[in-house]
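For ligands, and for the atoms within them, numbers begin at 1 and follow the listed sequence. Counting begins at 1 with the first residue of the sequence. What you see below is based on every heavy atom in this structure, not just the backbone, and it leaves out hydrogens, waters and symmetry mates.
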Amino acid sequence: MTVELRAGGTDLTERRRSGVSTGPVRDIEPRAALTAIEATPGGGVRIGALVTIDNVAMAVRDDYPALAAAAAGLATPQIRRIGTIGGNLLQRNRCWYFRHPGTSCLKKGGDDCPARAGNHRYGVLFDRGPCVAVHPSTLGAALLAYDAMVLTDGRGAIPIGDVFGDGSDGHRDHQLGEDLLTAVELPPPVRGERGAYFRATSRAYAEWPLAEAVARIVVEDGQIVAAAVAAGGVAPVPLRLPAVEAALVGRAPTPDVLAEAGSLAAADANPLPMTVYKGRLLVGTVTEVLERALS
Ligand SMILES: Cc1cc2nc3c(=O)[nH]c(=O)nc-3n(C[C@H](O)[C@H](O)[C@H](O)COP(=O)(O)OP(=O)(O)OC[C@H]3O[C@@H](n4cnc5c(N)ncnc54)[C@H](O)[C@@H]3O)c2cc1C
């Protein structure tokens with residue numbers, strides 16, 4: 001039987017209590033490599049998997065502003081103080097069919113996705129696979145925007161995007177299997193980078209976003225020379241938005257340019273019947289995050 005690892009326990013405990021997680025549990029031993037934040041030889045930073053989300057926010061505030069904003073903006077202060085960067089990336093999805101102990105679904109070993117024919121109003125805007133749950137990790141979207149690497153004990157260093165896959169695997173929330181995620185590595189900081197995080201939620205406090213966006217932008221001599229924009233809450237995996245990025249680079253950061261780029265955020269979306277509203281929501285969320293990054 002699969003042993004489930006416990007870091008901060010904020011996601012796992014809820015699934016234990018509800019009876020969705022029933023197998024054996026093992027606490028992750030807090031050895032130095034998992035709790036440290038240290039510079040890498042290449043000029044970046046390595047963050048141990050057990051570093052809490054609020055410590056991530058503080059540690060990267062100066063050099064990785066979009067990641068800092070995302071870490072400081074997710075969940076609640078209590079969760080950020082206990083939840084870890086590793087646990088945030090590997091937390092399970094929030095679909096109510098998955099979270100209900102009496103309901104079968106693909107991610108619990110079942111044969112189909114009950115949300116697809118049922119109530120999927122918080123589901124995907126980008127329908128990429130048989131399961132219609134969105135990926136819940138805010139830090140996943142932020143780290144995707146930074147092209148972070150994830151270190152594991154089983155398969156070494158892998159790009160953050162490979163941790164999640166392309167969204168077509170309806171059976172898993174991530175692709176690490178039973179590997180231990182040991183650390184996250186960020187490339188060297190980019191001088192002058194501006195960053196922001198913005199989310200649209202259905203209630204003001206203690207809620208996962210309906211849509212969220214992270215933006216990193218570098219402006220030199222009045223022109224945008226680099227842009228990385230990622231979205232969460234809209235697909236089975238965190239997504240980079242290449243059309244938005246391409247519409248920014250090489251142009252002046254005017255309100256019209258930001259609005260035009262933001263309008264492309266949902267260009268290749270294929271919503272479900274109940275998630276059409278997320279298209280406009282994502283466009284507004286991305287436009288807002290671009291404005292905040294440059295304000
Ligand atoms: C009210 C509320 C609002 C929230 N809003 C958001 C939000 O907006 N955005 C967001 O991203 N999250 C949100 N969360 C979720 C929260 O961020 C996660 O519960 C937390 O980050 C999980 O971290 P943890 O260390 O407690 O993980 P745990 O609960 O310990 O583990 C979660 C899962 O990851 C696995 N795991 C953990 N660490 C490792 C590791 N190092 N290697 C291998 N497997 C591992 C565990 O086996 C488990 O399956 C919210 C939670 C609450 C309660």
Side-chain angles (χ1 to χ4, degrees), residues 1-18 20-31 33-36 46-57 67 69-95 98-99 107-108 122 133-144 150-155 158 160 163-164 172-184 197-214 230-234 237-238 285:
M1 186 175 262
T2 307
V3 176
E4 199 162 3
L5 300 172
R6 178 165 48 205
T10 58
D11 166 41
L12 182 56
T13 304
E14 186 193 321
R15 286 184 284 114
R16 302 293 292 179
R17 209 177 281 145
S18 66
V20 168
S21 165
T22 55
V25 171
R26 180 160 59 81
D27 284 316
I28 300 173
E29 207 181 312
R31 53 186 153 94
L34 277 78
T35 57
R46 184 180 304 121
I47 304 171
L50 289 179
V51 174
T52 60
I53 297 165
D54 63 348
N55 280 336
V56 171
L67 174 59
L74 71 85
T76 66
Q78 294 88 342
I79 295 291
R80 297 195 294 270
R81 210 158 292 143
I82 297 173
T84 63
I85 186 170
N88 184 274
L89 294 173
L90 303 183
Q91 64 178 298
R92 304 302 312 270
N93 73 84
R94 304 302 309 176
C95 177
F98 173 76
R99 295 267 159 181
K107 285 193 166 124
K108 289 193 290 194
Y122 298 137
V134 298
H135 201 279
S137 175
T138 298
L139 295 187
L143 292 169
L144 199 60
V150 163
L151 310 187
T152 70
D153 65 350
R155 56 193 91 176
I158 55 175
I160 181 78
V163 171
F164 303 118
R172 278 165 279 273
D173 287 309
H174 63 80
Q175 302 297 321
L176 289 194
E178 292 181 46
D179 277 2
L180 175 70
L181 190 163
T182 55
V184 170
Y197 167 70
F198 187 69
R199 55 169 40 203
T201 51
S202 60
R203 81 181 169 186
Y205 189 68
E207 188 59 296
W208 279 259
L210 299 168
E212 61 187 341
V214 177
V234 289
V237 292
T285 301

**Q** Between N88 and S137, does any side-chain donor sit less than 3.5 Å from a side-chain acceptor?
**A** yes
**Q** Just jot down the ligand 1 atoms closer than 4.0 angstrom to any heavy atom of P209, in number order.
**A** 8 (O)
**Q** Among all the protein's non-hydrogen atoms, which is closest to atom 42 (N) of ligand 1, and how far away is it?
**A** L181 N, 2.9 Å
**Q** Would L180 count as being in polar contact with ligand 1, using the rule that some N or O on each side must be under 3.5 angstrom apart?
**A** no
**Q** Relative to the heavy atoms of A7, which atoms of ligand 1 are at a distance of less than 4.0 Å?
**A** 25 (O), 30 (O), 37 (C), 38 (N)
**Q** Is it true that a side-chain atom of T52 and a backbone atom of I82 form a donor plus acceptor pair closer than 3.5 Å?
**A** no
**Q** Hey, which atoms in ligand 1 end up nearer than 4.0 Å to a heavy atom of R6?
**A** 30 (O)
**Q** Give the minimum heavy-atom separation between Q175 and R155, together with the two atoms involved.
**A** O-NH1, 2.9 Å
**Q** Using heavy-atom distances only, which candidate in G140, A206, P136 approaches atom 10 (C) of ligand 1 most closely?
**A** P136
**Q** For a quick check under 3.5 Å, do R203 and Y205 share a side-chain donor-acceptor pair by atom type?
**A** no
**Q** State, without any angle test, whether T138 and E212 hold a side-chain donor-acceptor pair at a distance under 3.5 Å.
**A** yes
**Q** Assess whether a salt bridge exists between R6 and D11, defined as any Lys/Arg side-chain N lying under 4.0 Å from an Asp/Glu carboxylate O.
**A** no
**Q** Specify the closest pair of heavy atoms between L74 and R80, including all atoms of both residues, with the distance to one decimal.
**A** O-NH1, 2.8 Å
**Q** Taking only heavy atoms of S137, which atoms of ligand 1 are found under 4.0 Å from at least one of them?
**A** 11 (O)
**Q** Does a salt bridge link E4 with R16, judged by any charged N lying under 4.0 Å from a carboxylate O?
**A** no
**Q** Pairs of nitrogen or oxygen atoms closer than 3.5 Å, one from L139 and one from ligand 1: do any exist?
**A** no
**Q** Does an N or O from T84, backbone or side chain, lie closer than 3.5 Å to an N or O of ligand 1?
**A** yes
**Q** Distance to 0.1 Å, residue and atom name: give those for the protein heavy atom nearest to atom 28 (P) of ligand 1.
**A** G9 N, 3.5 Å
**Q** Under 4.0 Å from any heavy atom of G8, which atoms of ligand 1 are there?
**A** 24 (P), 25 (O), 26 (O), 30 (O)
**Q** Who gets closest to atom 48 (C) of ligand 1 by heavy atom: R15, R92, R94?
**A** R15
**Q** Which residue supplies the protein heavy atom nearest to atom 39 (C) of ligand 1, what is that atom called, and how far is it?
**A** I28 CD1, 3.5 Å
**Q** Check ligand 1 against L12 and write out every atom of the ligand that is under 4.0 Å from a heavy-atom position of the residue.
**A** 29 (O)
**Q** Does only the side chain of A49 get under 4.0 Å from ligand 1, or the backbone, or both, or neither? Count heavy atoms.
**A** side chain
**Q** Among protein heavy atoms, which sits nearest to atom 17 (O) of ligand 1, and what does the distance come to when rounded to 0.1 Å?
**A** N88 ND2, 3.1 Å
**Q** Determine, considering heavy atoms only, which of G83, G73, G233, G87 sits nearest to atom 27 (O) of ligand 1.
**A** G87
**Q** Just do the salt bridge (Lys or Arg N to Asp or Glu O under 4.0 Å) check on E14 and R94 with the steps written out, would you?
**A** CA-CA 11 Å; E14 186 193 321; R94 304 302 309 176; 3.1 Å; yes
**Q** Does Q91 reach ligand 1, in the sense of a heavy atom lying below 4.0 Å from it?
**A** yes
**Q** What are the two closest heavy atoms between L67 and A142, and how far apart are they?
**A** CD1-CB, 3.8 Å
**Q** Looking only at protein heavy atoms, identify the closest one to atom 49 (O) of ligand 1 and say how far it is in Å.
**A** E4 OE2, 2.8 Å
**Q** Taking all atoms of both residues into account, what is the closest heavy-atom pair of A211 and V234, and its distance?
**A** CB-CG1, 4.0 Å
**Q** Is the closest heavy-atom distance from T13 to ligand 1 below 4.0 Å?
**A** no
**Q** Looking only at heavy atoms of D179, does any of them come nearer than 4.0 Å to an atom of ligand 1?
**A** yes
**Q** Can we say E178 and R26 salt-bridge, meaning some charged N sits less than 4.0 Å from an Asp/Glu carboxylate O?
**A** no
**Q** If the cut-off is 4.0 Å to any non-hydrogen atom of T10, which atoms of ligand 1 fall inside it?
**A** 18 (C), 19 (O), 20 (C), 22 (C), 23 (O), 24 (P), 26 (O), 29 (O)
**Q** I need the minimum non-hydrogen distance between A141 and G232, along with the two atoms involved.
**A** CB-N, 4.2 Å
**Q** Any idea which protein heavy atom is nearest atom 16 (C) of ligand 1, and the distance to it?
**A** I79 CG2, 3.6 Å
**Q** Return the residue, atom name and 0.1 Å-rounded distance of the protein heavy atom closest to atom 47 (O) of ligand 1.
**A** L5 O, 2.4 Å
**Q** What is the distance from atom CZ of R31 to atom CG of L50, rounded to the nearest 0.5 Å?
**A** 9.0 Å
**Q** Mind listing the closest non-hydrogen atom pair of E207 and T201 along with its distance?
**A** O-CG2, 4.2 Å
**Q** Near R81 CZ, under 6.0 Å, is it more than 12 heavy atoms from other residues, nucleotides or ligands?
**A** no
**Q** Taking the non-hydrogen atoms of R199, is any one of them nearer than 4.0 angstrom to ligand 1?
**A** yes
**Q** Heavy atoms only: which of L90, T138, I82, I53 lies closest to atom 33 (C) of ligand 1?
**A** L90
**Q** Looking at atom 52 (C) of ligand 1, what's its closest protein heavy atom, distance included?
**A** W208 CH2, 3.2 Å
